[in-house]
Structures are given as structure tokens and as C-alpha cells.
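Sequence lines set the chain letters: A, B, ... in the order given, protein chains first and strands last, and positions in each chain run from 1.
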There are 2 protein chains.
Amino acid sequence: MGVARTIGADEAGVVKDTATEAWERMREITHDPQVLGQLQALADEAGIIPGAAKALRFLSTTEPMAMRRLAANLRCDNSYVTTIVDSLEEAGVARREAHATDRRIKVIVLTDAGRTLAGRAQEILGTPPPAFELLSPAETEILRDLMRKLGSAAKPTST
Amino acid sequence: MGVARTIGADEAGVVKDTATEAWERMREITHDPQVLGQLQALADEAGIIPGAAKALRFLSTTEPMAMRRLAANLRCDNSYVTTIVDSLEEAGVARREAHATDRRIKVIVLTDAGRTLAGRAQEILGTPPPAFELLSPAETEILRDLMRKLGSAAKPTST
DNA sequence: TATTGTTATACTCTATAACTATA
DNA sequence: TATAGTTATAGAGTATAACAATA
């Protein structure tokens, strides 16, 4: 591996095309177990379940969020959000509050400790891995532009 | 949701740099829930647990693999491989066989049905999403090269 | 003694269905 | 009647510790 060869065929006759290789490598890079490990450590330290640490990402900067909306962000069921927010509340990271006008809705409000924690979670998930330093500024821009292009085809996510 | 905003800065004054944006978008694209969905469907159809479908990827082309090695590939504990191979065996997708020389080791051998299934799993996980058609051949090559560069910093993974 | 795999167990992830309160 | 959240429950993911067989 790592040998730049004439692209398009290999000795087994199996053609691994450029897009496939790019895709496989993208998956490998982004599924970095280290990120999960860091998040796990954060969760352990804070006394929350790992799923709650992931959720913190969406609770970080915005105003209080309805539980239902968190479920949409996490693409999980409402009932799991109950579990997550239970964990956050038990650890003193967040609390439920009633919505001002619609009393069916509960919003999730971070405590001060929660805001700090959320910032760290955001940083863990949002910080590019060290390998990005291998790219020149120009290459980084090219990469970003390619990602924008790939992302622009995002599924319509009806509703 | 779904509102496209000016990218690069948000109302809080936080500037999101190029690498961070590239990274976040990469993660979003590669964590496509549709891939998981397809794999889930395959698992349902074959009567195996979803984790076993992921494992098929590593069992596809190679010769019989020791359970321990599958654990390393999946980065999970041996005990979970027991669960996975139980599932594969119950569904008639694979069977355990004794290693020729070291009788502590059991190797996983795919059945004919298993080989077919493994090919499909490989295809699901290895096929780039439709959005890749948005890239020109030249752009695809650039992307692949960038991924090679990023991947070259991969952790040494001793042993 | 060290290694491979299994068993028992426990915690977490996540969803479905039934339910309560509110709209 | 429809919607937000909760409860009960269950299957799946996953790890740790103790164990058996083999090296």
C-alpha cells in the first residue's frame, strides 16, 4: 500500500476505482476510535452516560432546546432523550424547565457546569485530528470545498 | 432545521476555520445513517445480528480468520466475537473450525451463503454515496490524494 | 505461566408500545 | 384528535472477570 501505481487496475483484475478508495479512506479517518475514547472519558468524569456526552454537542451554544428537538438532532427516539436528560439532570449538568407557552413541552437548560462541559464536548467532536496539519492551507481549502460539494447533496430529510 | 446560513461565522462571533469546517462536513458525510440502514436490512434478511453484518466485511475475501483476529479488526473484545460468531453459525452463514496446528484457536469459515452475504456487506460499506457523482474525475482524484495524505498519519497500531 | 476462546454478568444504546398531560 | 414527554420493556452492543483448554 502507499505505492502510487497506475490507477485503474490491479493484478487481481479487481478495479478499485478512485471514488471507492477516497470513500474508504474517508470512512477510516472519520471513524477514529480516539474521538469516541475522549468523549467516553469526558462522560466518565462528569458522571453521565456516553450518549449524554454526544447530546451536549447540540445543547452547547443555543438557547434552551425542547426535548423533541434534541431527539431530531440526535436522530433518535423521544424515549431515549428521556434517558439522556435523566442522566444530565442526575449529574447536575442540566435541568428540565417548562416551556413558556406550551406546557406539553419541556426545555433543557444547561447549568454553569453544563455549559463548560458542553464546550469541551463540542471541542472534542469538532476539532480536526492532528493529521490535518499535514495539509497546506491551500489543500485544506480544497478539501473543505470538496466536502461542501459532497454535502450539498444531503438527503432532503423531509419534515 | 434545513436553513442554509452563511457558513464561516455564526452570530456569536465565533469564526469556524477551514479545517474545522472540512472536518465537520467529513464526519457528517461519512456518518450517513443510510449505510447503517442498509446493513441493518441485510442483517434482518439473513437472520443475523447487525454486529455480525459488520463483521462480514472482514471475513469476505480472506482465508479463514481466527476469532482473535476478527476481534482486533473490529476493535472489540473477544467475548463479543463469541456473540457475533454464534449469530453467524445459527444463521448458517459461517462455522467454527479448529486451527490446524494450534488447538486453542478457532477459525471462522464462511459457508457459500456466507460468501455471498459477505460480498453484499462489503459492497454496502465500500460503495461511495451518490453524492460522489457530483465530483468530476479530477476532483475525485484530488480528494483521494488528500485522503491518502490524511491517512498516512495513521496511528502505528503496534502488533 | 501465557494465550484462545467461552460463560456469566452488567451497563449502555435504542426502539416500540402504552400511557399521561396538554393543546 | 394530535402532540410532548414518560414508563415499561426488550433486543442489541459491548466490556470485565472468572474460567477451561491448550501451548
Side-chain angles (χ1 to χ4, degrees), chain A residues 31 33 36-37 39-59 64-91 94-109 159, chain B residues 31 33 36-37 39-59 64-91 94-109 159:
Chain A
H31 287 256
L36 277 303
L39 212 58
Q40 174 82 48
L42 185 79
D44 287 347
E45 180 193 325
I48 57 179
I49 62 179
K54 273 185 211 153
L56 280 177
R57 180 191 198 184
F58 296 105
L59 300 171
M65 180 180 282
M67 299 191 55
R68 172 143 258 262
R69 196 150 136 57
L70 178 56
N73 280 326
L74 291 172
R75 286 162 227 277
C76 74
D77 192 82
N78 273 342
S79 60
Y80 186 45
V81 172
T82 296
T83 307
I84 285 172
V85 179
D86 282 351
S87 174
L88 290 173
E89 270 196 333
E90 279 161 31
R95 58 177 186 283
R96 292 163 165 96
E97 282 185 11
H99 188 276
T101 65
D102 186 338
R103 283 169 34 204
R104 291 174 302 185
I105 297 174
K106 292 175 192 171
V107 294
I108 308 160
V109 181
T159 304
Chain B
H31 288 257
L36 277 301
L39 214 56
Q40 173 82 47
L42 186 78
D44 287 348
E45 181 193 323
I48 56 179
I49 62 179
K54 274 184 209 155
L56 281 177
R57 181 194 199 183
F58 297 103
L59 300 171
M65 179 180 283
M67 298 190 57
R68 171 143 258 262
R69 196 152 137 56
L70 179 56
N73 280 325
L74 291 172
R75 286 162 227 278
C76 74
D77 192 82
N78 273 341
S79 60
Y80 186 45
V81 172
T82 296
T83 307
I84 285 172
V85 179
D86 282 351
S87 174
L88 291 173
E89 270 196 333
E90 279 162 30
R95 59 178 186 283
R96 291 166 166 94
E97 283 184 10
H99 188 276
T101 65
D102 187 338
R103 281 168 36 202
R104 291 175 301 185
I105 297 174
K106 293 176 189 170
V107 294
I108 309 161
V109 182
T159 306

_Nearest-angstrom distance from the residue atom CG of A:Leu36 to P of C:dT12_ = 16 Å

*Nearest whole angstrom, please: distance from the P of D:dA23 to the CZ of B:Arg68.*
16 Å

*asked:* Both A:Ala52 and A:Asn78 contact DNA chain C. Taking the nearest nucleotide for each, which residue is further toward the 5' end?
replied: A:Ala52

*Student check: side-chain heavy atoms of B:Leu74 and B:Arg57 closer than 4.5 Å*: no

*asked:* side-chain contact (heavy atoms from CB on, under 4.5 Å) for A:Asn73 and A:Met65? Distances and angles first, verdict last.
replied: CA-CA 11 Å; A:Asn73 280 326; A:Met65 180 180 282; 3.4 Å; yes

*How long is the line joining NZ of B:Lys54 and C1' of C:dC13, in whole Å?*
11 Å

_For atom CD1 of B:Ile48 and atom P of D:dA12, their distance in whole Å_ = 12 Å

*Counting heavy atoms not belonging to B:Arg69, are there more than 12 under 6.0 Å from its CZ?*
no

_Among residues 79-89 of chain A, which ones have heavy-atom contacts with DNA chain D below 4.0 Å?_
A:Ser79, A:Thr82

*Are B:Thr101 and B:His99 close enough, and set up right, to give a side-chain contact (heavy atoms from CB on, under 4.5 Å), and what steps lead you there?*
CA-CA 6 Å; B:Thr101 65; B:His99 188 276; 3.3 Å; yes

_For B:Ile49, is there any backbone N or O sitting under 3.5 Å from a side-chain donor or acceptor partner on B:Ser87?_
yes

*Which of these nucleotides, D:dG13, D:dA4, D:dA15, is closest to any side-chain atom of B:Asp77?*
D:dA15

*B:Cys76 side chain: which of D:dA15, D:dG5, D:dG13 is closest?*
D:dA15

*asked:* What is the distance, to the nearest angstrom, from the CD atom on B:Gln40 to the P atom on C:dT16?
replied: 10 Å

*asked:* Counting C-beta onward and ignoring hydrogens, is there a side-chain heavy-atom pair between A:Pro50 and A:Leu39 closer than 4.5 Å?
replied: no

*For B:Ile105 and B:Arg68, what are the C-alpha separation, side-chain angles and deciding distance, and is it a side-chain contact (heavy atoms from CB on, under 4.5 Å)?*
CA-CA 8 Å; B:Ile105 297 174; B:Arg68 171 143 258 262; over 6 Å; no

*asked:* Just the rounded figure in Å: distance from C1' of D:dG13 to CG of B:Leu74.
replied: 12 Å

*Looking at B:Ala53 and B:Ala43, what are the two nearest heavy atoms and their distance?*
CB-CB, 4.1 Å

*Does the pair A:Glu89 and A:Ile48 meet the rule for a side-chain contact (heavy atoms from CB on, under 4.5 Å), with working shown?*
CA-CA 9 Å; A:Glu89 270 196 333; A:Ile48 57 179; over 6 Å; no

*Selection: residues 94-106 of chain B, any non-hydrogen atom under 4.0 Å of DNA chain C*: B:Arg96, B:Arg104, B:Ile105, B:Lys106

*Just how far, in rounded Å, is C1' of D:dA4 from CE of A:Met65?*
16 Å

